[in-house]
Asks: 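Let me begin by handing over the structure; questions about it come next.
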Amino acid sequence: MKEAIVDEIMNSLRAPMILEELQQAWSEEQNRRQRFYEEMSEQEKVEFIKGEVVVHSPAKKRHVDVTGRLVQLLKVYCHKNDLGYVGFEKILIRLTRNDFEPDVCFFKKEKAQTFEEDQLFFPAPDLVVEVLSSGTQARDRGVKFEDYQLHGVAEYWIVDAQKKTVEQYVLQDQQYDLITKASDGHLQSSVVSGLTFPIPVIFDENKLMAFLSQLFA
């Protein structure tokens, strides 16, 4: 794909002009990105995507509850087993072109050990979880899916809080393969070492509490 685009440009007599236009457009986008960094606040959930600032609407209770359970599940398990760092909501992931604030993400210990207390920008995580909403679904399945894949995020979960389903994508040969799509049964993480859990715990508080209690039994 990349080679085809380059070949198409180089076969054009307008190649120098196209390159100049691209450099100008890139420079303007980076200026907008810098303004985004200067103007963003802790009160808003905002992202910088393809040169545009995206401000998110408040989340519905269903979305908040599912996200909270995912955070609790991962934080308790990863803390107990000393596996790494779990981030959520306001953590800003800085990729080559875009800045995302995923619902939940996980960094393995060797990467997390490099983080500082005042750190603002974070690299590509090892696991990202996005909980779908009507306003984010296209991006979660589109530009974010593509960019997480491009930047080597090894595992990506897309959670549908309304339909109570989870899609688990695992990076293989630089492409995401759909490993699991289910509302029942178990999900086994390929990134979070040893983590296997019943999918319904994401959608039911009592089931989550019962599962977590088993970790310390």
Asks: Indicate yes or no: at least one non-hydrogen side-chain atom of C105 is less than 4.5 angstrom from one of F88.
Replies: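 The answer is no; the side chains never approach within 4.5 Å.
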Asks: Do the side-chain N and O atoms of Q149 and Q174 include a donor-acceptor pair separated by under 3.5 angstrom?
Replies: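 Note: Q149 and Q174 side chains miss the donor-acceptor criterion.
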Asks: Going only through I, L, V, M, F, W and Y residues with side-chain contacts under 4.5 Å, is there a path from I49 to V128?
Replies: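 Yes, I49 and V128 fall within the same hydrophobic cluster.
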Asks: In the structure I gave you, are the side-chain heavy atoms of E39 and V53 within less than 4.5 Å of one another anywhere?
Replies: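 With C-beta onward as the side chain, the pair stays apart.
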Asks: Taking C-beta and beyond as the side chain, do L92 and M40 meet within less than 4.5 Å on heavy atoms?
Replies: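 Contact flag for L92/M40 side chains = yes.
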Asks: Give a yes or no on whether a salt bridge exists between D103 and K45, defined as a side-chain N under 4.0 angstrom from a carboxylate O.
Replies: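 Yes.
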Asks: Taking the side chain as every heavy atom from C-beta outward, state whether L132 and D160 have any atom pair closer than 4.5 Å.
Replies: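 Counting from C-beta outward, L132 and D160 do come under 4.5 Å.
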Asks: Mind checking whether L208 and I202 have side chains closer than 4.5 Å, heavy atoms only?
Replies: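 Answer no - side chains too far apart.
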Asks: Quick one: are L83 and K109 in side-chain contact, heavy atoms under 4.5 Å?
Replies: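 L83 vs K109: side chains apart.
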Asks: Would you say I93 and F121 are hydrophobically clustered, going by side-chain heavy atoms of ILVMFWY under 4.5 Å?
Replies: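 They do not share one cluster, since no chain of ILVMFWY contacts under 4.5 Å joins I93 to F121.
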Asks: Cluster question for you: counting only ILVMFWY and a side-chain heavy-atom cut-off of under 4.5 Å, with indirect links fine, are I179 and V191 together?
Replies: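 In one cluster with I179: V191, no.
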Asks: I would like to know whether E101 and I91 meet side-chain contact (heavy atoms from CB on, under 4.5 Å); could you show each step before the answer?
Replies: CA-CA 6 Å; E101 290 189 350; I91 189 168; over 6 Å; no
Asks: Verify the distance criterion only: is there a donor paired with an acceptor across the side chains of H151 and T96 at less than 3.5 Å?
Replies: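 Yes, a side-chain donor-acceptor pair sits under 3.5 Å.
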Asks: Among F197, F145, Y169, which one satisfies ring-ring contact (aromatic ring centres under 6.0 Å, His included) with W157?
Replies: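 One option only clears the test, and that one is F197.
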Asks: If Ile, Leu, Val, Met, Phe, Trp and Tyr residues are connected whenever their side-chain heavy atoms lie under 4.5 Å apart, and connections chain through other members, are V129 and Y156 in the same group?
Replies: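 They do not share one cluster, since no chain of ILVMFWY contacts under 4.5 Å joins V129 to Y156.
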Asks: Ignoring hydrogens and geometry, is there a side-chain-to-backbone donor-acceptor pair from E167 to K181 under 3.5 Å?
Replies: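 Side chain of E167 to backbone of K181, a donor-acceptor pair under 3.5 Å: no, none is there.
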Asks: Are the side chain of Y77 and the backbone of L195 linked by a donor-acceptor contact shorter than 3.5 Å?
Replies: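 Side chain of Y77 to backbone of L195: a pair is present.
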Asks: Judged by atom type as modelled, is there a donor-acceptor pair below 3.5 Å linking the side chain of Q119 to the main-chain atoms of E116?
Replies: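 Here the side-chain-to-backbone pair exists.
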Asks: Hydrogens and angles aside, do Q30 and Q34 bring a side-chain donor and acceptor to less than 3.5 Å of each other?
Replies: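 Short answer, no.
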Asks: Does a donor on one side chain and an acceptor on the other come within less than 3.5 Å for T136 and E130?
Replies: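 Distance-only check fails for T136 and E130.
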Asks: Under a 4.0 Å N-O cut-off, is there an ion pair linking E146 with R139?
Replies: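 Answer for the salt bridge query: no.
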Asks: So which atom in F216 and which in L212 form the shortest heavy-atom distance, rounded to 0.1 Å?
Replies: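 Distance-wise, the nearest heavy atoms are CD1-O, 3.4 Å.
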Asks: Under the criterion side-chain contact (heavy atoms from CB on, under 4.5 Å), I'd like the reasoning laid out for K144 against F100: C-alpha separation, chi angles, the key distance, then a yes or no.
Replies: CA-CA 8 Å; K144 289 190 175 184; F100 299 130; 3.6 Å; yes
Asks: Check the angle between the aromatic planes of Y85 and F122 and answer parallel, tilted or perpendicular using the 30° and 60° thresholds.
Replies: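 Ring orientation of Y85 relative to F122: parallel.
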Asks: When rounded to the nearest 0.5 angstrom, what is the spacing between CG in L187 and CD1 in I199?
Replies: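 So the gap between those two atoms works out to 5.5 Å.
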Asks: Do P123 and R94 have side-chain heavy atoms sitting under 4.5 Å apart?
Replies: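 Not in contact.
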Asks: Any heavy-atom pair between the side chains of P125 and F106 that's under 4.5 Å?
Replies: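 F106 vs P125: side chains apart.
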Asks: Tell me if a side-chain donor or acceptor on N98 pairs with a main-chain N or O of K50 at a distance below 3.5 Å.
Replies: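 A pair under 3.5 Å: yes.
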Asks: Quick one: do V131 and Y176 end up in the same hydrophobic cluster if we chain Ile, Leu, Val, Met, Phe, Trp and Tyr together by side-chain heavy atoms under 4.5 Å apart?
Replies: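 The answer is no; the residues belong to distinct hydrophobic clusters.
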